[in-house]
Amino acid sequence: SFINGALIATLGIVITKFLGIVYVIPFYAIVGEENIALYGYAYTIYNLFLALSTVGIPPAMSKLVSEYNTLKYYNTKERAYNLGKKLLITLGVVLFLLMFLLAPLIANQIMGENTGGNSKESICLVIRVISTAILVVPYLSITKGYLQGHKIMSPSSFSQVLEQVVRIIVILVGSYLCMRVFKVGHVKAIAVAVFGATVGALVALIYLLIKIKNNKKMLITSERPKDEEKKITNKQIIKKLLIYSIPFISFGITLSIYDYIDMTTIINVLTKLGFKTRDAESVLGVINTTGNKLNSVVLAISTGLMTSLVPNITSSFVAGDMDDVRKKIKQSFLMLLYVTMPMAFGLSILAKPVFNAFYGASVWGPRVFCFTIFIALFRCIFTTSISISQSLNKFKNVFSSIIIGILVKLIMQIPLMYLFNGMGLYPFYGSTLASLLGLATSFITNLVIINKTTNMDVKAYFKDMFKFLYPLVIMIIVLVIMKQFIPFNNLTRFKSIIIIGIYALVGMIIYFGLTIKNGIFKTIFGNNFLKKFKK
């Protein structure tokens, strides 16, 4: 059930993320490469405020619902959901107002005294438009958490796809009309595009509320509350919900802070090092938007895994079944690394044709993306370690590990950019390395705590991990050698797709062939899934 839940959640997120990549191709063509950074500014700020507006409560709700269901506290479970809704709706309204009013100050901080790129007024406008989504998304998120806590993954997964489809329709139709029909300029086109986040969230929320209404008998039991359950007050529920949400708050804000550090330092440092403002904005656009869209497919694996991981490990931990907890932790890390490592290395090797296939020829795209893809890999590992620690109620340790990681990123960001520039390398690689070091520090800190709590068999874990590491190394060597015979020269979009297909097929045959043969695929996913995969 754990693997099925993880696969359903992951499939929904992968489809969502894939759509999120594909729509960028026509959107990129409609608004132009030089204007895509404006879209990125809006979403970077939005993600930061979104993390604050949900304050980690949706995944905490998933954990709390799973816990109360295991204990058969059905009445308390429903009270927790209703209290969580009221809390997030109120918080959403407050933060919407805050984001709307602070937009001019944020725009000023982003651009500073730089000229020649997007105006501060344009940045202010798109931030204010996207702030309306903060009124809807928190309610949508906690409703998903409620369903996931019951280990019901399909409706929340479908709602994500629905939300994305509606958002993309608004983005493409709205921006096309603004640019090509009414010709009101790229600023208004991007303003309409970012409003798609609000419309998509609203449609998805309506769908989930209808689903819950039609399935009330399955979700809400008429069983009378137990005596010990009656003693649980609303104040205790809210307190527990907030305590559970702290690591998720920290996690969500952390990723936004990493992006915010990049956004407020990269342009200024690059322009000081001789880059034109337009080029610096293009680099940042790849890191925060276009490259990040490609990274999202890798990140979807950990997000889907986390969705199933939290309620499953929580129920095993509450029931006191530590053997099952250890099994799920080991399976989670092996599953994650087995899938994401070949994806990350493959995309890095194929950076030029991949970027060309999605966005067309780009000066900076492949150069930036070939390294930033590894941020996705490290974020996946970081996300999973946070989820596991949270499920084991190691809240203080999670918080401290996150703070340490942010400090590493903050301290190393600018020095590494200057160091790389001094070595004759692209200075923005220093920013990427700072992110990798920060995420790695947080992950290692969490891993130590997880091992102390569960007493995992580390030797057995690394023994299993080696079984897919050597096939990965062989795959990488073969793909690098292939570049000598099938080079990435004179790429058209069609030629890029053909090259990606050839390399991907060869890589998959080598990697899956060797890992199925040595038995690690069966160890991770089970015999039934292996039979389905072969079929």
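- Looking only at distances, no side-chain donor or acceptor of Arg167 sits under 3.5 Å from a matching main-chain atom of Ala197.
- Annotation: cation-pi pair Lys63/Tyr244 present, NZ/CZ under 6.0 Å from the ring centroid and within 45° of its normal.
- Taking the six-membered ring for Trp and thresholds of 30 and 60 degrees, Tyr146 and His150 have ring planes more than 60 degrees apart, a perpendicular arrangement.
- At least one cation-pi condition fails for Lys352 and Phe355: the charged atom is not both under 6.0 angstrom from the six-membered ring centre and inside a 45 degree cone around its axis.
- Taking the six-membered ring where tryptophan is involved, the planes of Tyr46 and Tyr43 are perpendicular, since the angle between them exceeds 60° and thus also 30°.
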Evaluate side-chain contact (heavy atoms from CB on, under 4.5 Å) for Leu64 paired with Tyr68, printing each intermediate quantity in order. CA-CA 6 Å; Leu64 197 59; Tyr68 285 146; 3.5 Å; yes

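- Among residue pairs with one or both ends in residues 171-182, none qualify as side chain to side chain donor-acceptor pair (under 3.5 Å); sequence neighbours excluded.
- Residues that satisfy the salt bridge (charged side-chain N to carboxylate O under 4.0 Å, His left out) test with Lys144, not counting sequence neighbours, are Glu163.
- Here the two rings, on Phe378 and Phe374, have centers that are 6.0 Å apart or farther.
- Looking at every heavy atom in both residues, Met111 comes nearest to Asn118 through CE-O, 3.6 Å.
- For Phe468 and Phe521, the ring centers sit 6.0 Å or farther from each other.
- Ile373 places none of its side-chain heavy atoms less than 4.5 Å from the side chain of Cys370.
- Across all their heavy atoms, Ser435 and Ile375 have their closest contact at CB-CD1, 3.9 Å.
- Ring geometry for Phe428 against Trp364 counts as perpendicular: the plane angle is over 60°, on a 0 to 90° scale with 30° as the lower cut.
- Leu98 pairs by the side chain to side chain contact (heavy atoms under 4.5 Å, CB included) definition with Phe49, Leu95, Leu102, not counting sequence neighbours.
- Taking the six-membered ring where tryptophan is involved, the planes of Phe333 and Phe443 are perpendicular, since the angle between them exceeds 60° and thus also 30°.
- Of the possible donor and acceptor atoms, none in the side chain of Asn356 sits under 3.5 Å from a partner among the backbone N and O of Ser496.
- Looking at every heavy atom in both residues, Gly291 comes nearest to Phe369 through O-CE1, 3.9 Å.
- Centroid-to-centroid, the aromatic rings of Tyr23 and Tyr28 stay 6.0 Å apart or farther.
- Salt-bridge annotation for Lys409 and Asp259: absent, with no side-chain N of the basic residue lying under 4.0 Å from a carboxylate O of the acidic one.
- With contacts defined as side-chain heavy-atom distances shorter than 4.5 Å, the pair Ile516/Tyr511 does not qualify.
- Of the candidates Ile89, Val137, Ile134, Ile134 is the only one forming a side chain to side chain contact (heavy atoms under 4.5 Å, CB included) with Ser53.
- Side-chain N or O atoms of Gln148 include none that pairs as donor or acceptor with a backbone N or O of Ser62 at under 3.5 Å.
- Residues Thr384 and Ser332 have side chains that never bring a donor and an acceptor to within less than 3.5 angstrom of each other.
- Remark: the backbone N or O of Thr290 is paired with a side-chain donor or acceptor of Tyr359 at under 3.5 angstrom.
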